Amino acid sequence: MRLEGKVAFISGGAQGMGAVEARMFAAEGAKVAIGDLLSEEGRRVAADIGEAGGEAIFLELDVTSETQWQQAIAATVARFGKLDILVNNAGIGGQSTIEDTTEEMWDRVMDVNAKGVFLGTKAAIPEMRRAGGGSVINISSQLGLVGVDNSSPQYQASKGAVRLLTKATAIQYAAEGIRANSVHPGPIVTPMTESGRADPERNRLTLSRIPLGRYGEPEDVAYGVLFLASDESSFMTGSELVIDGGWTAQ
Ligand code: NAD
């Protein structure tokens with residue numbers, strides 16, 4: 001199994017891509033901690049993993065809180081003995097122009113999507129050091145690489161911040177065997193894109209921007225995250241894995 005003996009923490013693992021990654025990681029032999037605001041959904045994912053023969057726990061976590069991050073990582077290590085992998089996946093979207101965006105809207109998205117990744121990484125590094133190394137995987141977006149007219153400035157800025165925070169982490173901790181890479185999904189079938197997919201005009205516009213002509217499935221991204229989590233990617237750090245159906249190729 002590709003993650004045999006490893007312990008992983010996945011933020012935002014109660015639904016969407018994070019939940020698929022949690023199930024895939026457990027099937028590949030990892031012990032998995034899921035941190036999310038959605039406790040009912042998160043507990044269900046952890047229970048499903050247990051019923052399938054894997055090991056998982058759910059921990060309540062708001063990624064904007066440094067205290068909650070510290071408690072969640074401590075609880076993971078208390079339960080599973082160490083931490084090898086952190087997937088900073090929790091995120092929120094948004095649709096607005098710069099002029100329509102209030103300071104509160106900006107702050108909220110930057111807090112969850114950018115500060116949340118910083119706080120998670122900060123909490124995980126000491127445990128990865130104790131484990132003798134680790135892999136941090138930060139979920140950015142294709143919209144952390146290129147601009148678009150119908151997202152929001154705060155979403156794009158936050159995902160661009162994740163891209164460079166990943167490189168800072170990679171450089172600062174490479175000597176300790178702690179790797180950090182960013183993943184840049186294009187539009188994926190998850191609850192986050194539900195309203196856009198249900199709106200015929202927005203759906204048509206999105207599909208027109210994807211050369212492969214379809215939304216990605218959560219598994220399309222999870223396989224990339226699994227690779228970065230495993231030792232198969234042991235010579236990769238500070239890199240950007242783009243899984244976007246060709247969006248950024250044009
Ligand atoms: P989703 O909305 O289905 O799931 C996101 C999860 O994050 C939810 O379980 C939510 O409760 C959790 N979350 C949100 N705020 C949180 C907080 N403050 N603390 C803890 N948990 C919190 O989204 P998804 O589509 O699975 O997205 C996962 C990641 O991928 C996000 O970072 C998103 O920006 C990114 N992404 C998504 C797409 C897409 O098309 N779906 C494309 C590119 C990037």
Side-chain angles (χ1 to χ4, degrees), residues 3-19 21-26 28-50 54-92 110-139 162 165-166 168-170 172-183 225-226 228-231 237:
L3 299 180
E4 187 73 56
K6 302 220 187 257
V7 176
F9 190 99
I10 303 178
S11 74
Q15 65 174 27
M17 283 185 259
E21 288 153 16
R23 294 176 204 274
M24 193 180 278
F25 278 25
E28 290 292 343
K31 294 171 182 166
V32 179
I34 295 162
D36 205 300
L37 293 170
L38 301 175
S39 51
E40 199 180 314
E41 291 84 344
R43 281 181 217 290
R44 199 175 313 131
V45 175
D48 286 351
I49 289 172
E55 273 193 77
I57 52 169
F58 172 77
L59 298 161
E60 272 177 33
L61 169 69
D62 180 341
V63 295
T64 66
S65 161
E66 181 159 27
T67 309
Q68 289 189 29
W69 262 116
Q70 285 165 348
Q71 289 168 346
I73 296 297
T76 303
V77 173
R79 174 66 184 267
F80 295 136
K82 61 171 182 162
L83 181 71
D84 305 293
I85 300 158
L86 170 66
V87 184
N88 279 308
N89 163 79
I92 54 175
M110 291 301 283
D111 270 3
V112 175
N113 293 6
K115 189 172 86 173
V117 174
F118 155 64
L119 293 176
T121 305
K122 186 178 174 189
I125 291 285
E127 289 304 335
M128 291 186 173
R129 179 179 294 126
R130 262 190 279 280
S135 176
V136 178
I137 299 135
N138 293 331
I139 309 302
V162 169
L165 175 58
T166 306
T169 307
Q172 290 186 9
Y173 295 99
E176 298 188 81
I178 298 170
R179 303 184 291 113
N181 294 284
S182 56
V183 176
V225 176
L226 171 64
L228 292 173
S230 79
D231 294 337
T237 199

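No experiment lies behind these values; they were computed from the predicted model shown. Quick note: residue numbers are just sequence positions, from 1.
Not counting sequence neighbours, the partners of Ala30 by the side-chain contact (heavy atoms from CB on, under 4.5 Å) test are Leu3, Phe25, Val32. Ser135 meets the side chain to side chain donor-acceptor pair (under 3.5 Å) test with no other residue; sequence neighbours excluded. Judged as a side chain to side chain donor-acceptor pair (under 3.5 Å), and not counting sequence neighbours, the contacts of Lys6 are Asp231. For Phe118, the side-chain contact (heavy atoms from CB on, under 4.5 Å) test picks out Lys115, Lys122, Leu165, with sequence neighbours left out. In this view, Thr166 and Asn138 satisfy the side chain to side chain donor-acceptor pair (under 3.5 Å) rule, not counting sequence neighbours. Applying the side chain to side chain donor-acceptor pair (under 3.5 Å) test to Glu40 and every residue at least two apart in sequence or in another chain returns Arg44. Contacts of Leu37 classified as side-chain contact (heavy atoms from CB on, under 4.5 Å), with partners at least two apart in sequence or in another chain: Asp62. Under the rule for a salt bridge (charged side-chain N to carboxylate O under 4.0 Å, His left out), Glu28 has no partner lying at least two apart in sequence or in another chain. Gln172 meets the side-chain contact (heavy atoms from CB on, under 4.5 Å) test with no other residue; sequence neighbours excluded.
Contacts classified as side chain to side chain donor-acceptor pair (under 3.5 Å) and involving residues 67-82 (residues at least two apart or in different chains) are given here: Lys82-Asp84. Within the structure, no pair that satisfies the salt bridge (Lys or Arg N to Asp or Glu O under 4.0 Å) test touches residues 69-78, not counting sequence neighbours.
For the residue pair Leu83 and Ala8, the shortest heavy atom distance occurs at CD1-C, 4.2 Å. Nearest heavy atoms, Val183 versus Leu228: CG2-CD1, 3.5 Å. The shortest non-hydrogen separation linking Ser11 to Leu61 is CB-CD2, 4.4 Å. Pairing each heavy atom of Leu86 with each of Ala124, the nearest pair is CD2-CB, 3.8 Å. Between Gly91 and Asn113, the shortest heavy-atom distance links the atoms CA-OD1, 3.2 Å. Taking every heavy atom of both residues into account, Ile57 and Ala75 meet most closely at CD1-O, 4.5 Å.
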**OP:** For the pair Arg43 and Glu60, evaluate salt bridge (charged side-chain N to carboxylate O under 4.0 Å, His left out) and give the outcome as yes or no after the intermediate values.
**Re:** CA-CA 10 Å; Arg43 281 181 217 290; Glu60 272 177 33; 3.3 Å; yes
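The shortest side-chain heavy-atom distance between Val45 and Ile49 falls under the 4.5 Å cut-off. Looking only at side-chain heavy atoms (C-beta outward), Glu41 and Asp36 stay at 4.5 Å or farther from each other. No side-chain heavy atom of Tyr173 sits under 4.5 Å from any side-chain heavy atom of Thr237. Counting only heavy atoms from C-beta outward, the side chains of Ile139 and Val87 approach each other to under 4.5 Å. Counting heavy atoms from C-beta on, the side chains of Thr64 and Leu119 never come closer than 4.5 Å.
Ile10 contributes atom CD1, which lies 11.0 Å from atom CZ of Arg23 (distance to the nearest 0.5 angstrom).
None of Leu226, Asn89, Ile85, Asn88 except one satisfies the side chain to side chain contact (heavy atoms under 4.5 Å, CB included) rule with Ile137; the exception is Ile85.
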